[in-house]
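Just so you know, these numbers come straight off a predicted model, no measurement behind them. Throughout, a chain's letter reflects where its sequence line sits, starting with A, and its residues are numbered from 1.
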Amino acid sequence: MSYDHKQIEAKWQERWESEKVFRAADDPSRPKFYNLCMYPYPSGALHQGHVRNYTFGDLLTRYKTMRGYNVLSPMGWDSFGLPAENAAIETGVHPRENTEAQITTMTRQIKQLGAMYDWDRELASHHPDYYRWNQWLFLQLWDRGLAYKKEAPVNWCPKDQTVLANEQVVDGACERCGTVVERKNLAQWFFKITDYVERLLADLDLLDEWPDRVRTMQRNWIGRSEGASFTIPVAGSDASFEVFTTRPDTIFGMTFCVLAPEHPLVADLIAGSEHEGEARAYISQASRASEIERMSEGEKTGVPTGAQAINPVNGKEVPIYIADYVLMGYGTGAIMAVPGQDQRDWDFATRYGLEIIRTVQPPDDWDGEAFVGDGLTVNSEFLDGLDQAAAKLRITDWLEEKGIGKRTVQYRLRDWLISRQRYWGSPIPIVSCPTCGLVPVPEDQLPVLLPDVQDYAPKGQSPLAGVEDWVATTCPSCGGDARRETDTMDTFVDSSWYFFRFTDPHNDHIAFEPEKARYWMAVDQYIGGVEHAILHLLYARFITKFLSDIGYSAVSEPFARLFTQGMITLGGSKMSKSKGNVVDPLDLFASHGADALRLYHLFIGPPTDDAAWDTNGVEGTWRFLDRFWRLVTETDRFENASTNRELLAQAHRAVKKVTEDIERFVFNTAIPPLMTLVNSLAEAVRTGIDRETFDEVVELLIKLLAPMAPHISHELWECTGHRTMLAVEPWPEWDGGLVAQATVVMVVQVNGKVRDRVEVPADIAPEEAERIALGLEKVQGWIDGASVQKVVARPPNLINLVVG
RNA sequence: GCCCGGGUGGCGGAAUGCAGACGCGAGGGGCUUAAACCCCCUUGAGCCGAAUCGGCUCGUGUGGGUUCAAAUCCCACCCCGGGCACCA
């Protein structure tokens, strides 16, 4: 009889839940393991990406539990955010109602997977119990000057009617809806992540259990550049401007300067100039140009200001241009242009007929344009003859001595723009008072509750602005009339500290007890999609460092070990509703069961890699489970047999292999030894096996399968007469004596080609291996009288005879 | 343009001194009135031999190199995927 996955899976899901097998107690006497899958947005439908994520996570939860760890594996909901609000705009249904219905649905689906969480610790970021502490976090940052409001040019999505962080702009378009992003000046809230930039960069080196790829992405995102900044005076005026360069050694090659169109000095420089009209037209065009147009590389355009700059090293006067290839947001918004050593400057110079001076000698065969490589400095007075490094050092010292400039480090990373003109998020706990200015809502008045609104449609400001009796309030400081901040927080704020809240999820007088966090943090294993490699992980690292600084966290890095899983693809592209290529996990729960689906996700390929979906593969893992099921439940004839020891040895080798593979987080190679062991066991049942060996091999197989296919494993554990809960049984150890092989098949090569194989003792000496190899008939045929010139012996696996 | 990954049968993928484990697919056989399920066998390409067994040659994107030995290490190139991108 084939196994009834529906009945068995329902039975065990109920048992695990009612017996609270996976509830984590705060017990500092036990070694802990904090295992966390990135908490999901409650979209309402479990997809294969979730299944893959939770299958990996649950395998680890169950494995570590069997290894005796006190495992914390919580689940929660990233439940604020745009999709629920956009749905509300269309349907009028309150986002809360919608979100909570979807949480209910997804909870049921996750339980159908058999993935175990401590549901007593469930949290959802839209609950006042949670966002109250989100607001608390905001106030902590405010108190230390790390939250501030300022007018800034921002990325504005005209469709969603909200501001986007730089990180949420992809190819000049809104990450969510694809609308081309505009630039707008608005007063916005920021977190000062740049205060932490050096630590965020330096501590990446400590994260040696993170994928290199993710560390590199973060490093590039932070974008540290060393160089010099210095002052350039404007000729015939008191004005001057600062520039930053990574190539101060090329300063003698400066033949013009460029200011960004938004540079504050521009207006003064062009006033009254013959180029004023032309320049104004250019500036206004640049400000209207969408981000995407400005970003498209190509022809560099610009206009002269008519003003001249004075090169501080040699007093040479060069023209000052305005061009949009210089960005106001990076460095000082002004550059010294050195076309000889910078391709962008070269392009600009050749277009406008400007002078080009090489100050680095290119190689003799150089036929390119700007030369950016290393070489001897030329045309540079006291720098001549120095290489790049020496010249940089020399000129930077010179600039510092003269008081003209200084060593400078620049970063690509900007402060984190956290305000959103949307409804479905944590209200920012600030009140604006005409006399006191911006005043924080006192901690004991938190949470600032999100009020209900009538109209969710975006109008350029948060829908909260329309709730007059909410907006109108009194100043906590002077008691006078004041108005509430109507922006809400970016949902990345919610997710930047939720892993702390899981350590003390019900606390209603503090965000979390530092003592509890001290026991559970850091997260030992964090599992999720690589799409969070930059934003979420960077923000979470920043907030953790902050919480550490204010005494709430004993760790300054939240995630000790990070695992990023690959995507599931079908027909060459990522499975997604919009592509219409989804395979619904719920259908597979019904047709093949959660165990077969889980096993398929483990087996399909390396967990880090993308994997091409093949429903036949689920059929395959189902067949494997069913074969094992029938073998255990239908075998009833036993006899003494001589091959039992070899079968037992194979079983113990499987224990070793599976254990080692789980430890190194590679699951696809942990399944084949189980499949071959089941096949060998079936073979042994056909040819004769004794009861004792059969039972031992079955017991090992059940335990090894327990973290991967838990339902069928638990049922078989019970079927084979055990009264204990398999989930908390100890993980099996392998018998070293059985694993070690007495004899090994040695490969015999002649001139590097395999010519024969021979069974030899595992501890064979090289000389003996050579003697045996030379005695083989086939080997003699290949040597054919020639002399053996060299013997490379790697006993007992291989020996290579080199003949000439 | 710069920085990461990656190219192995019909397919997903194993393999760090034996290429193709394991699974899927395909082909053949058994069971069956029949089909499905299940069980057994075959399955990189080419070739040799009185040939269901034994053997040979080639073969891991392309071209070189190092080595007794290369999918694996090195160099160059091609292709695919990802990240960043006028960052001075």
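- Contacts of A/Trp622 with the nucleic acid, taken as non-hydrogen atoms under 4.0 Å apart, are absent.
- Across the interface with RNA chain B, nearest-nucleotide mapping of A/Pro672 and A/Arg412 shows A/Pro672 to be the residue nearer the 5′ end.
- Take A/Phe628 and apply the ring pair (Phe, Tyr, Trp, His ring centres under 6.0 Å) test, not counting sequence neighbours, and it matches no residue.
- For A/Phe256, the ring pair (Phe, Tyr, Trp, His ring centres under 6.0 Å) partners two or more places apart in sequence, or in a different chain, are A/Phe348.
- For the C1' atoms, the distance linking B/G12 with B/G7 amounts to 15 Å, nearest Å.
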Given protein heavy atoms under 4.0 Å, the one-letter contact record of nucleotides 39-46 of chain B, with B base, S sugar-phosphate only and - none, is simply SS------
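- Here A/Ser225 pairs with A/Tyr330 under the side-chain hydrogen bond (donor to acceptor under 3.5 Å, both in side chains) rule; sequence neighbours left out.
- Nucleotides B/G61 and B/A71 are separated by 10 Å at their P atoms, to the nearest Å.
- The side-chain hydrogen bond (donor to acceptor under 3.5 Å, both in side chains) check on A/Asp626 picks up A/Ser2, A/Arg630, with sequence neighbours excluded.
- Salt bridge absent: A/Lys406 and A/Glu242 never bring a charged side-chain N and a carboxylate O closer than 4.0 Å.
- Side-chain proximity of A/Thr669 to the nucleotides B/A88, B/G17, B/A15 is greatest for B/A15.
- Considering only residues two or more places apart in sequence or on other chains, A/Asp205 meets the side-chain hydrogen bond (donor to acceptor under 3.5 Å, both in side chains) condition with A/Arg219.
- Comparing B/G27 with B/G10, their C1' atoms are spaced 13 Å from each other, to the whole Å.
- Here A/Glu660 pairs with A/Lys656 under the salt bridge (Lys or Arg N to Asp or Glu O under 4.0 Å) rule; sequence neighbours left out.
- Classification of A/Arg247 and A/Asp249 as a salt-bridged pair holds, one side-chain N sitting under 4.0 Å from a carboxylate O.
- Taking only side-chain nitrogens and oxygens, A/Lys778 comes nearer than 4.0 Å to OP1 or OP2 of B/G55.
- Using a 4.0 Å heavy-atom criterion, one finds that A/Ile604 contacts the sugar-phosphate atoms exclusively.
- You'll find that the side chain of A/Trp782 is closest to B/C56, out of B/C56, B/A19, B/C22.
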Taking Watson-Crick and G-U wobble contacts under 3.5 angstrom, with | marking pairs to another strand and [ ] crossing pairs, the secondary structure of RNA chain B is written (((((((..(((....[....)))((((((.......))))))((((((...))))))..(((((..]....))))))))))))....
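- Between B/C56 and B/A15, the distance separating the two C1' atoms is 24 Å to the nearest Å.
- Here A/Arg52 pairs with nothing under the side-chain hydrogen bond (donor to acceptor under 3.5 Å, both in side chains) rule; sequence neighbours left out.
- Closest to the side chain of A/Arg213, from the set B/G55, B/C4, B/G17, is B/C4.
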